[in-house]
Amino acid sequence: MTKELDGKIAFVTGSGRGLGRTMAERLAGLGADVAIHDMDWTAPAKYGEAADLGEVVKQMEVNGTRVTAVTGNIGDADAVQKMRADIEANLGPVDILVNCAGGDIGAAGGKPKPNNALDIPLEDVQALVNNNLIGTIIVSKTFIVPMRDRGSGVVVNLASVAAHFGVSDGAIYAVLKAAVAHYTRCLAKELRESGVRVNTVSPGPSKTARFEATRTVDPRKIDSSQQSLDRYAEPDEIADAVAFLAGPHSKFINGQVICVDGGLVLSPT
Ligand SMILES: NC(=O)c1ccc[n+]([C@@H]2O[C@H](COP(=O)([O-])OP(=O)(O)OC[C@H]3O[C@@H](n4cnc5c(N)ncnc54)[C@H](O)[C@@H]3O)[C@@H](O)[C@H]2O)c1
């Protein structure tokens with residue numbers, strides 16, 4: 001049976017674990033060959049999701065899907081050039097780019113402390129800028145120029161619901177995700193004539209292993225079978241939106257931000 005992403009090559013940054021891994025699995029399930037990525041080979045082990053990237057590749061290599069793995073810091077232009085060379089050598093040129101790597105990760109690896117707009121240490125600000133904005137720009141410059149030259153391609157950037165209202169905890173992260181959403185609009189305008197579409201997904205709080213390990217989780221928001229939409233997202237629900245924006249059913253949608261948050265953005269608390 002033909003699948004909607006048959007023949008496409010997708011690259012999902014930060015896909016060794018968490019939301020990115022679920023997105024990569026979804027795109028593979030729709031027929032794409034997939035390049036997965038993480039900061040280093042053992043990043044998937046950090047919150048117990050897999051031993052390493054090799055294990056993630058093996059789990060995804062079913063039904064003839066071609067999967068390759070690359071590593072490196074997205075904020076390092078040389079490392080990203082090497083990722084592109086390795087992906088093109090192993091799979092071919094990328095048709096679908098998902099800029100997922102990022103997070104509220106400070107210089108020492110965890111959340112910055114303090115994490116408000118004025119007291120956050122400068123080294124954490126710099127790490128956040130690198131992980132969330134500069135990295136997204138470097139990966140975009142590296143992988144979208146060939147799409148523009150070919151006249152086809154699809155890009156999905158990951159922001160956050162925190163990009164769309166004022167926050168005190170995670171302020172700089174929120175500012176940078178707002179920048180990612182606006183970078184999306186600027187890219188979409190710039191690429192309109194070339195036929196390359198660029199959109200953003202802004203997840204609400206989502207039940208990844210990292211989220212559950214680093215947050216005080218509200219038990220009332222865990223169960224996704226409940227009627228109320230005032231709950232955490234399942235990673236699959238974020239992947240649904242990414243797959244839609246990466247696929248043919250969104251072929252005339254460009255420069256948009258879709259919040260996948262059960263409506264949290266309407267009345268953040
Ligand atoms: N989980 C949530 O609640 C939530 C909510 C809103 C937005 N998001 C966004 O979704 C994306 C995925 O988040 P997640 O919850 O799956 O987190 P995660 O930590 O499980 O996954 C993020 C991945 O990105 C990688 N990464 C981060 N900075 C990197 C860098 N500079 N270079 C290379 N790799 C890097 C990490 O190693 C990790 O594998 C992030 O952009 C995050 O900001 C997550």
Side-chain angles (χ1 to χ4, degrees), residues 11-25 36-50 52-53 56 69-80 82-83 98-107 109-111 124 126-139 142 156-165 167 170 172-181 183-184 200-215 217-218 221-222 231-239 241-242 257-262 264-265 268:
F11 177 38
V12 184
T13 65
S15 49
R17 66 177 198 233
L19 295 179
R21 178 174 173 178
T22 307
M23 292 166 199
E25 287 167 349
I36 62 168
H37 156 264
D38 219 312
M39 182 81 97
D40 55 51
W41 197 250
T42 56
K46 185 154 187 185
Y47 301 105
E49 290 165 80
D52 54 30
L53 280 179
V56 181
V70 293
T71 57
N73 191 326
I74 56 167
D76 174 344
D78 291 340
V80 176
K82 183 171 183 326
M83 291 173 207
V98 182
N99 272 311
C100 178
D104 195 4
I105 305 166
K111 272 183 186 293
D124 287 332
Q126 280 158 345
L128 286 167
V129 171
N130 203 51
N131 291 334
N132 291 287
L133 184 60
I134 304 267
T136 297
I137 293 171
I138 290 174
V139 174
T142 307
V156 183
N157 294 326
L158 267 290
S160 165
V161 72
H164 308 294
F165 46 80
V167 298
I172 302 303
Y173 168 74
V175 167
L176 294 163
K177 290 298 197 181
V180 167
Y183 183 57
T184 298
T200 284
V201 170
S202 274
S206 308
K207 286 180 349 193
T208 59
R210 180 191 55 79
F211 178 82
E212 296 194 48
T214 59
R215 297 282 188 101
V217 172
D218 182 343
K221 298 188 179 185
I222 286 283
R231 61 167 173 81
Y232 303 132
E234 295 290 341
D236 264 335
E237 293 171 323
I238 309 303
V242 170
V257 176
I258 299 184
C259 291
V260 185
D261 64 347
L264 173 64
V265 74

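Since the structure is predicted, the reported quantities are computational estimates derived from the model, not experimental observations. Ligands are counted one by one from 1 in listed order, and the atoms in each one are counted from 1 as well.
Of the protein's non-hydrogen atoms, the one nearest atom 6 (C) of ligand 1 is Pro203 O, 3.3 Å. Gly204 O, 3.5 Å is the protein heavy atom nearest to atom 5 (C) of ligand 1. In this structure, the protein non-hydrogen atom closest to atom 35 (C) of ligand 1 is Ala101 CB, 3.8 Å. Here the protein heavy atom with the shortest distance to atom 29 (C) of ligand 1 is Met39 CE, 3.8 Å. Counting only heavy atoms of the protein, atom 2 (C) of ligand 1 lies nearest to Ser206 N, 3.6 Å. Nearest to atom 10 (O) of ligand 1 among the protein's heavy atoms is Leu19 CD1, 3.6 Å. At the shortest separation from atom 14 (P) of ligand 1 among protein heavy atoms lies Arg210 NH2, 3.6 Å. In terms of protein heavy atoms, atom 41 (O) of ligand 1 is closest to Cys100 O, 2.7 Å.
The option with the heavy atom closest to atom 22 (C) of ligand 1, from among Gly18, Gly72, Gly16, Gly102, is Gly102.
For ligand 1, the atoms lying closer than 4.0 Å to a non-hydrogen atom of Phe211 are 3 (O). Under a 4.0 Å criterion applied to the non-hydrogen atoms of Gly14, ligand 1 contributes the atoms 23 (C), 24 (O). Near Ala159, the atoms of ligand 1 lying under 4.0 angstrom from a non-hydrogen atom of the residue are 7 (C), 9 (C). Within ligand 1, the atoms closer than 4.0 Å to a non-hydrogen atom of Gly103 are 43 (O), numbered from 1 in the order shown.
Inclusion of Asn131 in the set of residues having an N or O under 3.5 Å from an N or O of ligand 1 is warranted. Residue Glu49 places no N or O, backbone or side chain, under 3.5 Å from any N or O of ligand 1. Backbone and side-chain nitrogen or oxygen atoms of Arg215 are examined, and none is located within less than 3.5 angstrom of a nitrogen or oxygen of ligand 1. Looking at ligand 1, you'll find an N or O of Asp38 within less than 3.5 Å of one of its N or O atoms. For Tyr173, a nitrogen or oxygen atom sits less than 3.5 Å from a nitrogen or oxygen atom of ligand 1, counting backbone and side chain alike. Checked by distance only, ligand 1 and His37 stay at 3.5 Å or farther apart across all their nitrogen or oxygen atoms.
If you look at Ile74 next to ligand 1, the close heavy atoms, those under 4.0 Å, come from the backbone and the side chain alike. If you look at Lys46 next to ligand 1, there are no close heavy atoms at all, none under 4.0 Å.
A donor-acceptor contact shorter than 3.5 Å is absent between the side chain of Lys207 and the backbone of Glu212.
By the 4.5 Å heavy-atom criterion applied to side chains, Arg210 and Arg17 are counted as neighbours. With a 4.5 Å cut-off on side-chain heavy atoms, Val12 and Ile36 do not count as touching.
One distance of note links CG of Asp124 with CD1 of Ile105; it measures 11.5 Å at 0.5 Å rounding. Separating the CG atom in Asn99 from the CD1 atom in Ile138 is a distance of 11.0 Å, to the nearest 0.5 Å. Distance check: Ile238 CD1 to Thr208 OG1 gives 10.0 Å after rounding to the nearest 0.5 Å. The CE atom of Met39 sits 9.0 Å away from the NZ atom of Lys46 when rounded to the nearest 0.5 Å.
Met83 and Val70 make their closest contact through CG-CG2, 3.9 Å (heavy atoms, listed as atom of the first residue, atom of the second, distance). Among all heavy-atom pairs drawn from Lys177 and Leu158, the shortest one is NZ-O, 3.0 Å. Contact record, Asp218 with Tyr232: N-OH, 2.8 Å, taken as the closest heavy-atom pair. When all heavy atoms are compared, the tightest approach of Asn73 to Asn130 is OD1-ND2, 3.7 Å. Considering all non-hydrogen atoms of both residues, Val167 and Ala174 come closest at CG2-CB, 3.5 Å. Here the closest heavy-atom approach between residue Val257 and residue Ala181 is recorded as CG2-CB, 4.0 Å.
Ligand 1 has no atom lying under 4.0 Å from any heavy atom of Lys207. Using a 4.0 Å cutoff on heavy atoms, Ala233 does not count as a contact of ligand 1. Pro205 counts as a contact of ligand 1, since one of its heavy atoms falls under 4.0 Å from the ligand. Within the structure, the closest approach of Ala162 to ligand 1 does not fall below 4.0 Å when heavy atoms are considered.
Evaluated for a side chain to side chain contact (heavy atoms under 4.5 Å, CB included) with Leu264, the options Ser202, Cys259, Pro205 yield exactly one hit, Pro205.
More than 12 heavy atoms of other residues, nucleotides or ligands lie within 6.0 Å of NZ in Lys221, so this atom counts as buried by the packing criterion.
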